[in-house]
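Have a look at the structure below before the remarks.
Order of the sequence lines fixes the chain letters, A, B, ..., with proteins taken first and strands second; residue numbering starts at 1 for each chain.
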Amino acid sequence: KAGVTQTPRYLIKTRGQQVTLSCSPISGHRSVSWYQQTPGQGLQFLFEYFSETQRNKGNFPGRFSGRQFSNSRSEMNVSTLELGDSALYLCASTLGGREETQYFGPGTRLLVL
Amino acid sequence: QKEVEQDPGPLSVPEGAIVSLNCTYSNSAFQYFMWYRQYSRKGPELLMYTYSSGNKEDGRFTAQVDKSSKYISLFIRDSQPSDSATYLCAPRGGSTLGRLYFGRGTQLTVWP
């Protein structure tokens, strides 16, 4: 079974631009979570989508948004990029039930100049 | 105070050593406890998954959870150079199903 895939793998943007990242979960998984990883803050939870609905949300500004499609693929968008948004963005998928664990993709490395 | 505290290391041990990695947490609602391994420039890889208190063994790896003291441990026996990575503890609650609370990660190097 194929793992979680993320596109693109690397991205360079400039301040003020916006960016959209994509995540395809493991086949059959209905929950997709997004995390931001930086050397200073570690892994921080952004949000989770389950069956096209946002189920959990972390403490990030409204510039960070996401959505999930009917095939469970998910996108996250960051508007008005800031230098501090440079990070590895990871998505993880799970079946969505109480006993389930999350499986991570390889991440998208975003550099904001 | 962060919900999960983990000593970032770095930790450097010789091949064959027993490695002990630890986390403490503050949220008594945490019920599920995961350990992830992350190699440089890769996504985290699930290593161990434990529910509630107790021990779980998988090959050279043993995970321990003590909910009374809010203490999580991972032991690696007969450590190998291929174990060199960052180890992340990640508990979660029973109600916040899609949200893991990560420690900062401990960077481990096993030298031959």
Closest approach of Arg9(A) to Arg41(B) (non-hydrogen atoms, all atoms of both residues): NH2-O, 4.4 Å

Pairwise distance OG(Ser33(A)) to CZ(Arg92(B)) - rounded to 0.5 angstrom: 9.5 Å

Hydrophobic cluster membership, Phe64(A) vs Leu21(A), 4.5 Å side-chain cutoff: yes

Residues, nucleotides or ligands: over 12 heavy atoms within 6.0 Å of Gln44(A) CD: yes

Portion of Leu43(A) that has a non-hydrogen atom of chain B nearer than 4.5 angstrom: both

Verify same cluster id: Tyr89(A), Phe104(A) (apolar side-chain graph, 4.5 Å): no

Arg99(B) side chain to Arg55(A) backbone, donor-acceptor under 3.5 Å: no

For the student: nearest non-hydrogen atoms of Gln38(B) and Leu90(A), plus distance: NE2-CD1, 4.5 Å

Shared hydrophobic cluster for Ile26(A) and Trp34(A) (ILVMFWY, side-chain gaps under 4.5 Å): no

Heavy-atom pair of closest approach, residues Leu100(B) and Tyr35(A): N-OH, 2.9 Å

Neighbours of chain A found in residues 82-91 of chain B - heavy atoms under 4.5 Å: Leu88(B)

Residue Lys42(B) excluded, over 12 heavy atoms near NZ under 6.0 Å: no

Enclosure of Asn71(A) CG (heavy-atom neighbours >12, cutoff 6.0 Å): yes

Interface moiety of Gln37(A) toward chain B, non-hydrogen atoms closer than 4.5 Å: side chain

Within one Ile-Leu-Val-Met-Phe-Trp-Tyr cluster: Tyr51(B) and Tyr103(A), side-chain cutoff 4.5 Å: yes

Over 12 non-hydrogen atoms of neighbours within 6.0 angstrom of CZ in Arg77(B): yes

Segment of Phe47(A) engaging chain B (4.5 angstrom heavy-atom cut-off): neither

Centroid-centroid distance, Phe102(B) to Phe45(A), less than 6.0 Å: no

Transitive ILVMFWY side-chain link Tyr101(B) to Leu47(B), under 4.5 Å: yes

